[in-house]
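Beneath this line is the structure, given in structure tokens, with notes to follow.
To find a chain, count down the sequence lines: A is the first, B the second, and so on, and within it residues start at 1. Here the structure is a predicted model, which means the values were calculated and not measured.
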Amino acid sequence: MKIATWNINGIRARIDGATKWLADQRPDIVCMQEIKTPDDGFPGLAFAELGYNVATLGQKSFNGVAILSKLRFDEIERGLPGQGDDQSRFIAARFSVPGGSLRVASIYLPNGNPVDSDKYPYKLNWMAQLEAWTAAALGLEEPLVLAGDYNIIPEPTDAKNPNEWEKDALFQPESRGGFRRLIHLGLTDAIRACHDGPGQYTFWDYQAGSWQKNNGIRIDHVLLSPQAADRLSSATIDKRTRGWEKPSDHVPVIIEMEL
DNA sequence: ATGGTAGCGGTGCTA
């Protein structure tokens with residue numbers, strides 16, 4: 001079972017790269033973020049031709065999340081409980097797998113910048129709601145995969161130049177503390193588990209030659225329940241896509257599980 | 001210290 005997450009930064013601008021990548025990697029399930037379109041603008045046909053079922057929680061211009069799956073959707077949950085529906089940032093699905101259920105959530109956690117605006121408390125509140133949802137989901141004691149753009153740099157080793165991020169919402173103590181609270185519920189950070197060390201970046205800004213200088217950060221994460229972590233066989237960051245024509249500023253993170 | 005790029009949508013916001 002191959003599960004991926006990719007902040008696509010506008011699916012309509014990225015459809016060629018996205019279909020090329022899917023045909024190459026053939027993941028079973030893909031979590032997407034920042035599709036930046038309402039549901040009816042999502043290019044479902046292009047993905048259906050590649051054998052994928054599609055569930056979206058879209059939004060005009062901003063945000064928007066989706067799950068693509070070769071497996072049939074048994075259940076779809078749109079929106080994070082306790083949040084309004086003005087920002088589309090959470091969609092979760094349940095699938096039938098041998099021996100029971102698999103749950104997968106596609107998460108687009110708020111950016112939170114600037115820190116002195118109301119966007120920052122919105123981010124922290126959103127994280128608290130995600131923590132509550134996750135605690136309840138973990139109670140089911142099933143394989144659970146929380147994948148997406150968390151907009152959090154967990155540790156200094158997750159940035160090429162951590163000092164550049166000191167005043168940024170992505171690296172504030174409260175943001176990082178919220179991420180640790182999530183982990184301490186019993187989740188495993190798949191990339192950390194498979195590649196402990198610096199340089200595992202998933203995002204390079206479009207500006208100031210960040211990609212050319214490898215000035216990246218790790219903010220796209222795949223977190224696993226114990227039942228999912230026990231089956232984890234690999235976790236990889238597919239950096240190749242950042243060098244493609246018209247790239248997203250994020251690259252895919254892919255895990256493989258023995259399911 | 002500033003400005004550097006990209007998507008959406010048709011201007012300025014978000015990142």
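Comparing B:dA6 with B:dT2, their P atoms sit 23 Å apart, to the nearest whole Å. When the P atom is compared between B:dG3 and B:dG7, the two are found 22 Å apart, to the nearest whole Å. Straight-line distance between the P atoms of B:dA1 and B:dG12: roughly 27 Å, to the nearest whole Å.
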Exercise for the section: Represent DNA chain B in dot-bracket notation, 5' to 3'. Only Watson-Crick or G-U wobble pairs with both distances under 3.5 Å count; pseudoknot-style crossings use [ ] and interstrand partners use |. Expected result: ....((((...))))
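Under the rule for a ring pair (Phe, Tyr, Trp, His ring centres under 6.0 Å), A:Tyr120 has no partner lying at least two apart in sequence or in another chain. In terms of the side chain to side chain donor-acceptor pair (under 3.5 Å) criterion, residue partners of A:Ser234 (sequence neighbours excluded) are, by chain and number, A:Glu256. For A:Asn111, the side chain to side chain donor-acceptor pair (under 3.5 Å) partners two or more places apart in sequence, or in a different chain, are A:Asn113. Evaluation of the side chain to side chain donor-acceptor pair (under 3.5 Å) rule for A:Asn125 yields no partner, not counting sequence neighbours. With sequence neighbours excluded, no residue forms a side chain to side chain donor-acceptor pair (under 3.5 Å) with A:Ser175. With sequence neighbours left out, A:Ser61 forms a side-chain contact (heavy atoms from CB on, under 4.5 Å) with no residue at all. Under the side-chain contact (heavy atoms from CB on, under 4.5 Å) criterion, A:Ala93 pairs with A:Ile67, A:Phe73, A:Phe95, not counting sequence neighbours.
Taking every heavy atom of residues 111-123 of chain A and every atom of DNA chain B, pairs under 4.0 Å involve A:Asn111, A:Lys119, by number. For residues 10-17 of chain A, proximity to DNA chain B is found at A:Gly10, A:Arg12, A:Ala13, A:Arg14, defined as any non-hydrogen atom under 4.0 angstrom from a strand atom.
Distance CD1 (A:Ile35) to P (B:dT14): 19 Å, rounded to an integer number of Å. Following rounding to the nearest Å, A:Phe203 (CZ) and B:dA15 (C1') show an atom-to-atom distance of 7 Å. Between the CD1 atom of A:Ile8 and the P atom of B:dT14 there is a distance of 22 Å, rounded to whole Å. At whole-Å resolution of the value, CG in A:Leu109 and P in B:dA15 are 11 Å apart. For the pair A:Gln87 CD and B:dT14 C1', the interatomic distance rounds to 10 Å; values are reported in whole Å. Here B:dT14 presents its C1' atom at 11 Å from CD of A:Gln59, a figure rounded to the nearest Å. B:dT14 atom C1' lies 8 Å from atom OH of A:Tyr108, rounded to whole Å. Residue A:Asn63 contributes atom CG, which lies 12 Å from atom C1' of B:dC13 at whole-angstrom precision.
Sequence order on DNA chain B of the closest nucleotides to A:Pro38 and A:Glu34 puts A:Pro38 first from the 5' end. Along DNA chain B, the nucleotide closest to A:Arg89 and the one closest to A:Gln207 are compared, and the more 5′ of them pairs with A:Gln207.
A sub-4.0 Å separation between OP1 or OP2 of B:dG7 and a side-chain N or O of A:Lys246 is present.
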Going by atom type alone, with no hydrogens or angles, which donor-acceptor pairs under 3.5 Å involve a side-chain atom of residues 190-199 of chain A and a protein atom two or more places apart or on another chain?
unit_1   : atom_1 : unit_2   : atom_2 : d
A:Arg192 : NH1    : A:Asp158 : OD1    : 3.1
A:Arg192 : NH2    : A:Asp158 : OD2    : 2.7
A:His195 : NE2    : A:Ala235 : O      : 2.6

Problem - Stepwise ring-ring contact (aromatic ring centres under 6.0 Å, His included) check, A:Trp211 with A:Tyr206 - result: CA-CA 7 Å; A:Trp211 170 243; A:Tyr206 289 122; over 10 Å; no
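Sparse packing is recorded around CG of A:Asp85, with 12 or fewer heavy atoms of other residues, nucleotides or ligands lying under 6.0 Å away.
Under the 4.5 Å side-chain criterion, counting only non-hydrogen atoms from C-beta, A:Ile107 is not in contact with A:Val65.
Sequence neighbours left out, the pairs with a member in residues 220-248 of chain A that pass ring-ring contact (aromatic ring centres under 6.0 Å, His included) are A:Tyr150-A:His221, A:Phe179-A:His221.
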